[in-house]
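One structure is given here, and the rest of the page talks about it.
A note on names: the letters A, B, ... follow the listed sequences, proteins ahead of strands, and every chain is numbered from 1. Here the structure is a predicted model, which means the values were calculated and not measured.
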Amino acid sequence: METMGNLRRTHYSYETVALPEGSEVTAAGSIAKCRDLGGMIFADLRDNYGVLQLAFNEGTPKDVFEKASALKSEYVVIAKGKLRARESVNKTIPTGLIELYVSELRILSEAETPPFEVREGINVNDELRLRYRYLDLRREGLHSTMVLRSDISRAVREYYLSRHFIEVETPVLIKSTPEGARDYLVPSRVQPGRFYALPQSPQLYKQILMLSGFDKYFQMARCFRDEDLRADRQPEFTQIDIEMSFVDEEDVRRENEGLVTGLFRQFMGIDVPAPFPCMTYAEAMRRFGSDKPDTRFGLELVDVSVVCEGCGFGVFENAIAGGGSVRLINAKGLAESISRKEIDRLTETAKTYGAKGLAYLRMAEGGETSSYEKFLSDEAISALRKEANAEAGDVLLVVADKDDTVFAALGALRLEIAKKNSLFDENQFNFMWVTDFPLFEYDEENGRFVAKHHPFTMPKEEDIPKLDTAPGECRAKAYDMVVNGVELGGGSIRINDPALQARMFKLLGFTDERAKENFGFLMEAYRYGAPPHGGMAFGFDRLVTLMAIKDSIREVIAFPKVQNAGEPMSGCPDTVEAKQLDELHIASTAKEP
RNA sequence: GGCCCGGUAGUUCAGUUGGUUAGAACGCUAGCCUGUCACGCUAGAGGCCGUGGGUUCAAGUCCCAUCCGGGUCGCCA
């Protein structure tokens, strides 16, 4: 091992292409690959931006040549020399016309053979990648994604700052609130028996900032939710958090879709038409079975409840009688690719979402088969086929159940069929707003209504009279930004009337005491004058995932967590010493692993 | 908490109805090689078949449990 001594990097790899031959260059980085030809050695030097070929031969000082022949992958070096044209060029890399003919070489750090090859184009399983994340991050793909993330982050800040948003850091140690996701809790040492929570979002603070006269606020906010992970969900994540005063729904949407159209133009060269189309929640559910519809393809849901009333098939009739519906998807012209076996698989998918089964009509060339038509009257059969626009070559997939279940099952089948049959264009981005969300949803488990968005969401004016009589029918001034079936962000106009807010808490089953205990500071703040305000938040990780064209959110996070909410490299969460627990007034009950 | 998939050299994988000494590629080690860039050639090392039980004359292969990872339902205001 050597020190850099008086050598300092003069150029990054990508900068060398602009230099004339013969330029003196000192480059630094890691050895990506060595090719020792005997009398001649080539080594690819990798830095933050790419690779530069180092060359050594009989003209190289003897001690330097000997050092070069000892080089191995991942050694960290600094090399000084002259740029020269290659005798044989490599057209596949930007620096492929030149090489650094090295006269001075220092090995700054040696490296053991890594557990996997540090290069693109090889499969490595996720566990190993995460355990050795620092090696994975050296690989071009993940490395450049992290650089892209940084660039997007800067563009986001520039967008909001240029539009006079004020960046404010809100606290990470906050008060736990009962609604919504499970909180991560942090015990207080100073106040025995009391706990902070980590924020699920800076929601209340940003509303308070509007009351504080900041007018427009934004923040790249770390948020924490102690819930199970998914490919698009991490327990800690980054949200682009925004709040604006003196606005209604349209104003928030216009301001923030400007961010997305700008980012897509700048980073992807794609002009996304704006304003984005709006679709109500009710329409999204009815047509696509989802509140985040992928509108790049058809396969829309068809409600056949009317023709199924009194059709003679108990399964259909019971669903309708129970307040549910019978709906179907017509997989147009897909009879050959959706075999009987495939229908069985789709049935399993439907069952995952709570459907009891999947009825079908397959109109294949070899003949028609159906699981339900034998139970139906001829009249009902022809009426249903007409509603579904069924023709030879089609497959009808029918679910009869409660509406929630029908939507969930058919919505999922839609996506699965489209994916398997490549029914959409990967390069198309259908941005949209889903609006008019229900204000409440019924929580079966607790037998009461809960806020669909959050308890501070403003109801639609015309629905305010129905708040007490028909809460299930009330719609909210809430909106989600959706693209290709992904919820990129969402927000709402907030209640700024303390009386209405108090009424909301009551409807949500809060006693006055509990509302005061949990949200008293907000209620009090409203008493001193609150501008109308609203905002939204983007899932920054999801946005980057989309823009980097990755499948998993883990591909855009430097040190992500895995399914058990741990982080494999550092090994957290971990046990702590008894002394630490004592100081926090926590009794140790957990068994050692 | 439920369901599905996976775990075999350092890595990615193959391994037939349970049956000789568990293979390949890449990587690694050594030697040769002056224009390579997936360098080439020669030789070599490298395996608790995730872990623990069981069935069997015999288990990488079958059964049970468990751990780890991935996907997903619930959950995620």
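- Across the interface with RNA chain B, nearest-nucleotide mapping of A:N564 and A:I93 shows A:I93 to be the residue nearer the 5′ end.
- Residue side chain A:R86 reaches the base of B:C37 through a donor-acceptor N/O pair under 3.5 Å, judged by distance alone.
- Listed candidates were B:G35, B:U11, B:C37. Nearest to the side chain of A:L128 is B:U11.
- The partner of B:A45, taking Watson-Crick or G-U wobble pairs whose two distances both stay under 3.5 Å, does not exist in any strand shown.
- Pairing of B:G18, defined by two Watson-Crick or G-U wobble distances under 3.5 Å, is not identified with any nucleotide.
- Here A:E487 lies out of heavy-atom contact (under 4.0 Å) with every strand.
- Only the C1' atoms considered, B:G50 is 41 Å distant from B:C32, to the nearest whole Å.
- Between A:K561 atom NZ and B:C68 atom P the separation is 17 Å, expressed in whole Å.
- Comparing the same atom, C1', in B:A65 and in B:U21 gives a spacing of 32 Å after rounding to whole Å.
- Straight-line distance from the CZ atom of A:F42 to the P atom of B:C39: 12 Å, rounded to whole Å.
- B:C4 and B:C26: their P atoms are spaced 38 Å apart (whole Å).
- A gap of 34 Å separates the P atoms of B:G27 and B:U72, to the nearest Å.
- Among the atoms of the strands shown, base atoms are found under 4.0 Å from some heavy atom of A:V89.
- For A:E127 against B:G50, a side-chain-to-base donor-acceptor contact under 3.5 Å is absent.
- Residue A:Q563 places its side chain closer to B:G70 than to any other of B:G70, B:C68, B:U36.
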List the steps and the verdict of salt bridge (charged side-chain N to carboxylate O under 4.0 Å, His left out) for A:D126 and A:R129.
CA-CA 5 Å; A:D126 289 318; A:R129 289 179 58 197; 3.7 Å; yes
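- With a 3.5 Å ceiling on both atom-pair distances, the Watson-Crick or G-U wobble partner of B:G40 is B:C32.
- Residue contacts shown for A:N125 are limited to sugar-phosphate atoms, with no base heavy atom under 4.0 Å away.
- For the OP1/OP2 pair of B:C3 and a distance below 4.0 Å, the side-chain nitrogens and oxygens of A:K351 include no atom meeting the criterion.
- If you check every strand for non-hydrogen atoms under 4.0 Å, A:Y353 touches sugar and phosphate atoms only.
- Taking only side-chain nitrogens and oxygens, A:K33 never comes nearer than 4.0 Å to OP1 or OP2 of B:U36.
- Ring-plane geometry between A:H454 and A:F456 is classed as tilted, the angle between the planes lying from 30 to 60 degrees on a 0 to 90 degree scale.
- Counting non-hydrogen atoms under 4.0 angstrom, A:S201 reaches a base of the nucleic acid.
- Look at NZ on A:K452: it is 12 Å from C1' on B:C76, rounded to the nearest Å.
- Side-chain atoms of A:R225 never come within 3.5 Å of backbone atoms of A:D183 as a donor-acceptor pair (strictly under, hydrogens ignored).
- Comparing A:V450 and A:V124 along RNA chain B, the residue whose closest nucleotide (by nearest heavy atom) sits nearer the 5' end is A:V124.
- Contacts of A:R119 with the nucleic acid, taken as non-hydrogen atoms under 4.0 Å apart, involve only primed sugar atoms and P, OP1 or OP2.
- Under the 4.0 Å criterion applied to side-chain N and carboxylate O atoms, A:R46 and A:E74 are assigned as salt-bridge partners.
- For A:D44, the side-chain atoms get nearest to B:C37 when compared with the rest of B:G70, B:G35, B:C37.
- Contact between the side-chain N/O atoms of A:R230 and the OP1/OP2 oxygens of B:C73 is found at a separation under 4.0 Å.
- Rounded to whole Å, the separation between the C1' atoms of B:U12 and B:A38 comes to 15 Å.
- Ion pairing between a basic and an acidic side chain is recognised when a charged N comes within 4.0 Å of a carboxylate O; A:R327 and A:D403 show such pairing.
- The shortest distance between the side-chain N/O atoms of A:S88 and the OP1/OP2 oxygens of B:U36 is below 4.0 Å.
- Cation-pi contact between A:R133 and A:F559: absent, since separation from the ring centre below 6.0 Å together with deviation from the ring axis within 45° is not met.
- If you check B:U12 for Watson-Crick or wobble pairing at under 3.5 angstrom, you find it paired to B:A24.
- Atom CG of A:D443 and atom P of B:G74 are 14 Å apart (whole Å).
- Remark: B:C62 base-pairs with B:G54. Criterion, Watson-Crick or G-U wobble with two distances under 3.5 Å.
- Residue A:R84 places a side-chain atom within donor-acceptor reach of the base of B:G35, judged by atom type and a 3.5 Å distance cut-off alone.
- Within the structure, every side-chain polar atom (N or O) of A:R35 is placed at least 4.0 Å from both OP1 and OP2 of B:U36.
- Using a 4.0 Å heavy-atom distance criterion, A:E58 is classed as a base contact.
- Taking every side-chain heavy atom of A:N123 into account, B:U12 is the closest of B:C76, B:U12, B:G1.
- Nucleotide B:G70 holds its P atom 15 Å from the CG atom of A:D551, rounded to whole Å.
- Counting any heavy atom pair closer than 4.0 Å across all strands shown, A:Q200 reaches no nucleic acid atom.
- Going from atom CD of A:E348 over to atom P of B:C4 covers 10 Å, rounded to whole Å.
- For the C1' atom pair drawn from B:A14 and B:C68, the interatomic distance equals 23 Å after rounding to whole Å.
- Out of B:C76, B:G1, B:C37, the shortest distance to the side chain of A:D228 is found at B:G1.
- In this structure, the nucleotide among B:G10, B:U72, B:U29 sitting nearest to the side chain of A:E117 is B:G10.
- To the nearest angstrom, C1' of B:C75 lies 12 Å from CD of A:E441.
- For A:R554, taking side-chain heavy atoms from C-beta onward, the closest of the listed nucleotides B:G70, B:G27, B:C76 is B:G70.
- With centroids closer than 5.5 Å and planes inclined by less than 30 degrees as the test, A:F116 and the base of B:U11 fail to qualify as a stacked pair.
- Between the side chain of A:E87 and the base of B:U36, no donor-acceptor pair of N or O atoms lies under 3.5 Å.
- The CZ atom of A:F56 sits 19 Å away from the P atom of B:C33 (whole-angstrom rounding).
- Between A:I107 and A:M1, the closest side-chain pair of non-hydrogen atoms is not below 4.5 Å.
- Heavy-atom minimum distance, A:T435 versus A:R253: CG2-NH2, 3.6 Å.
- One C1' atom belongs to B:U66, the other to B:C57, and the distance between them is 29 Å to the nearest Å.
- The base of B:C76 lies outside donor-acceptor range of the side chain of A:R225, with no N or O pair under 3.5 Å.
- The two residues A:D47 and A:S13 make their nearest non-hydrogen contact at OD2-N, 2.6 Å.
- No hydrogens or angles were tested; on distance alone, a donor-acceptor pair under 3.5 Å links the side chain of A:R233 to the base of B:C75.
- Both distances falling under 3.5 Å, in either a Watson-Crick or a G-U wobble arrangement, place B:C3 opposite B:G71.
- Among the atoms of the strands shown, base atoms are found under 4.0 Å from some heavy atom of A:L37.
- With B:G35, B:G27, B:C73 as the choices, the nucleotide that has an atom nearest any side-chain atom of A:T113 turns out to be B:G27.
- When the P atom is used for both B:G18 and B:C28, the distance is 39 Å, rounded to whole Å.
- Two residues are said to be in side-chain contact when any heavy atoms from C-beta on lie closer than 4.5 Å; A:K82 and A:L100 fail this criterion.
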